[in-house]
Trainee: 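For reference, the structure I am asking about is given below.
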Amino acid sequence: MNLEKLIEKDIDESKQGQSLQLKENPHSTRKMYIESYGCQMNFSDSEIVASILTKEGFSTTKNINEADLVFVNTCSIRKKAEQTVRKRLEFYNAIKRDENPGMIVGVLGCMAERLKEKFLEEEQLVDLVIGPDAYRDLPNLIREVDDGRKAVNVILSKEETYADISPVRLGGNGVTAFVSITRGCDNMCTFCVVPFTRGRERSRDPESIINECIKLVQDGYKEVTLLGQNVDSYLWYGGGAKKDFNKATEQAQKKSVNFSDLLDKVARACPELRIRFSTSNPQDMTLEVIKTMGKHENICKSIHLPVQSGSSKVLKAMNRGYDREKYITLIDNIKNMLADCSLSMDMITGFCGETEEDHKETLSLMDYVKYEFGYMFKYSERPNTPAARLEDDIPEKTKQRRLSEIIEKQRSHALQHMQEKIGKTFEVLVEGTSKKSEDKLYGRTTHNSAVVFDKKHYKSGDFVMVYIEDCTSATLKGKAI
Ligand code: SAH
Ligand code: F3S
């Protein structure tokens, strides 16, 4: 098993830094090159940016040397993510200096928000800096740069959801798509930079979400993932930040739509579409959501439920809003209410003040839940977060050893789950060809398990019943029946 794969989450590793491609546009006059790093939300945002710029006459290019505009959509979640982006910026600048002097270099997303003018003034690395809520302003900012000025807009919004912008989808596999339902986060987990880089939590109009899903079905898509930092906190009451719900009229409050209502509406509106969602926050996930999952065949039986630690003391220091017992109760409810639902998690090891005892509680919680997948990280201090005021007191060597222990445990649980699936048959949605062999197809089950099987006459987008014959801890291998 590739341990690196387990450590670095943030979506499929192979997609990190991928450039977005659109069909050739014969009328376009300028070419853009967009690279995305970080979470699924960033990839989804890049599709919005591409949509805005396509209307401005831009087309995409795979060749950075011929780009008029190079954008990097950035991630600030851990130090390592920021270092990767800095290296890329240096690379773009070398190209600009040596080969393509007219090229505009722009930073989008979370690092733009976190570092703001620093990029423009001190480091002179870029021409344009734009935060995640300001993408509508891109055409103006590009004009400013064309006029010879540096341009910046990092204003965060309480309302912006880009609800009316139809993202361009041509960079994906044509089978699965992301649909964002909330932006920002109000949770203030002490380790996390997201509330600072993405601002207040706001929910998107359910009608625009449903229409986007219907359009995806018409375009041949078979699966959507509803996206938000904390999807269970979704609440539509006519617009605005979630925190302002109490100020809304009584009528608006009565007509409000929560996450369970939204799931139900999407599942009914698109019965042939597979539905996933990410990410659930244990402090907000309700029994109603679990019931709705049970009610609809087309909602995948898989919940990503980041826990971060198995110790109530550490969870309190992280301000996660639940303790070990409350988390276990939620897990028990899921296991009781949904006969066969896969569970996955995020875990942080070596948070400030984490003792060996706390670490053992994390390991014992993992033994209790037995997650199918996990994304595990060493704590990385982020400037200006509440946890940055605490001492980052766990030595690197200890963090690494604890991380290895939880990865090893997760690997054995994953393998156990995979082995239990041998001899059973699952419906697999085919997403493409296996990376290792042209003769095999790759897809996923409702539980989000990866499956490869012989291609025969099947193709991307097909739902195929696959009998599982063998496995690794990451992939099931089978044959179509
Ligand atoms: N709202 C999302 C969190 C997005 S960040 C959610 O609840 O899943 C994705 C993951 O990165 C988090 O769950 C956490 O495990 C990890 N993470 C966030 N900040 C971190 C930090 N400062 N150091 C290490 N890992 C971090
Ligand atoms: Fe971060 Fe916690 Fe929100 S992990 S994105 S502050 S739920």
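Whatever order the structure lists ligands and atoms in, that order sets their numbers, starting from 1. Below, each value reflects all heavy atoms present in this structure, side chains not excepted, and no hydrogens, waters or symmetry copies.
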Trainee: Give the atom numbers and elements of ligand 2 that come within less than 4.0 Å of a heavy atom of Asn281.
Mentor: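 Atoms satisfying the 4.0 Å criterion: 7 (S).
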Trainee: For Thr74 and Gly109, which heavy atoms make the closest approach, and how far apart are they?
Mentor: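 Smallest interatomic distance, heavy atoms only, reads OG1-C, 3.8 Å.
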Trainee: Is ligand 1 less than 4.0 angstrom away from at least one heavy atom of Lys378?
Mentor: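 In this structure, Lys378 qualifies as a contact of ligand 1 - some heavy atom is under 4.0 Å.
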Trainee: Is it true that Val194 lies under 4.0 Å from ligand 1, counting heavy atoms only?
Mentor: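 Judged by the 4.0 Å heavy-atom criterion, Val194 does not count as contacting ligand 1.
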Trainee: Strictly below 4.0 Å, N to O, side chains only: are Lys301 and Asp340 in salt-bridge contact?
Mentor: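 Asp340 and Lys301: not salt-bridged.
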Trainee: Side-chain contact, heavy-atom cut-off 4.5 Å: Ile181 with Val231?
Mentor: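 When only atoms from C-beta onward are counted, Val231 and Ile181 do touch, with a gap below 4.5 Å.
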Trainee: Go through the side-chain N and O atoms of Tyr33 and Glu35 and say whether any donor and acceptor fall under 3.5 Å apart.
Mentor: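 Yes, a side-chain donor-acceptor pair sits under 3.5 Å.
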Trainee: In terms of side-chain geometry, is the basic nitrogen of Lys255 or Asp261 positioned less than 4.0 Å from the acidic oxygen of its partner?
Mentor: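 Not counted as a salt bridge, because no side-chain N and carboxylate O are separated by less than 4.0 Å.
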Trainee: Is Ser380 in polar range of ligand 1, meaning some N or O pair under 3.5 Å apart?
Mentor: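 Yes.
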Trainee: For ligand 1, which is the ligand I care about here, please tell me if Arg382 has any N or O atom under 3.5 Å from one of the ligand's N or O atoms.
Mentor: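 There is no such contact.
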Trainee: Counting only heavy atoms closer than 4.0 Å, does ligand 1 sit against the backbone of Arg78, its side chain, both, or neither?
Mentor: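 The part of Arg78 near ligand 1 is the side chain, not the backbone.
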Trainee: Between Asn153 and Asp137, is the side-chain hydrogen bond (donor to acceptor under 3.5 Å, both in side chains) condition met? List the steps.
Mentor: CA-CA 8 Å; Asn153 185 345; Asp137 199 23; 2.8 Å; yes
Trainee: Of the choices Thr349, Ile348, Asn281, Asp346, which has the non-hydrogen atom that lies closest to atom 12 (C) of ligand 1?
Mentor: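 When every heavy atom of Thr349, Ile348, Asn281, Asp346 is considered, Asp346 comes closest to atom 12 (C) of ligand 1.
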Trainee: Side chain, backbone, both or neither: which applies to Phe191 and ligand 1 if a contact is any heavy-atom pair less than 4.0 Å apart?
Mentor: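 Under 4.0 Å from ligand 1, Phe191 contributes backbone and side-chain atoms.
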Trainee: Given Tyr371 and His417, is the ring-ring contact (aromatic ring centres under 6.0 Å, His included) satisfied, shown in steps?
Mentor: CA-CA 8 Å; Tyr371 299 97; His417 279 290; 9.1 Å; no
Trainee: Check this for me: does any side-chain nitrogen of one of Asp244 and Lys247 sit under 4.0 Å from a carboxylate oxygen of the other?
Mentor: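 Here Asp244 pairs with Lys247 in a salt bridge, since their nearest N and O are under 4.0 Å apart.
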Trainee: Let's go through Ser46 and Ser36 carefully: what are the C-alpha distance in whole Å and the side-chain angles of both, what is the deciding distance for side-chain hydrogen bond (donor to acceptor under 3.5 Å, both in side chains) to 0.1 Å, and is it a yes or a no?
Mentor: CA-CA 7 Å; Ser46 290; Ser36 302; 2.6 Å; yes
Trainee: Please work out, at 4.0 Å between heavy atoms, whether the side chain, the backbone, both, or neither of Pro306 comes within that distance of ligand 1.
Mentor: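 Only the side chain of Pro306 comes within reach of ligand 1.
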Trainee: List ligand 2 atoms under 4.0 Å from Arg320, heavy atoms only on the residue side.
Mentor: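 Matching atoms, with element in brackets: 2 (Fe), 4 (S).
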Trainee: Will you find, in the side chains of Lys242 and Ser233, an N or O donor that is under 3.5 Å from an N or O acceptor?
Mentor: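 A pair is found: one side chain offers a donor N or O, the other an acceptor, under 3.5 Å apart.
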Trainee: What I want to know is whether Gln308 and ligand 1 share at least one N or O pair that is separated by under 3.5 angstrom.
Mentor: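 By distance alone, the answer is yes.
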Trainee: Would you say Thr398 and Arg402 are linked by a side-chain donor-acceptor pair, where the criterion is simply a distance under 3.5 Å?
Mentor: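 No, Thr398 and Arg402 have no side-chain donor paired with an acceptor closer than 3.5 Å.
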Trainee: Evaluate Cys192 for polar contact with ligand 1, using N/O atom pairs at a separation under 3.5 Å.
Mentor: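 No.
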Trainee: May I ask you to list the protein N, O or S atoms found at less than 2.8 Å from atom 1 (Fe) of ligand 2?
Mentor: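 Only Cys192 SG fall inside 2.8 Å of atom 1 (Fe) of ligand 2.
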Trainee: Does Glu356 pair with Arg401 as a salt bridge, N-O distance under 4.0 Å?
Mentor: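 Between Arg401 and Glu356 there is a salt bridge, with a charged N closer than 4.0 Å to a carboxylate O.
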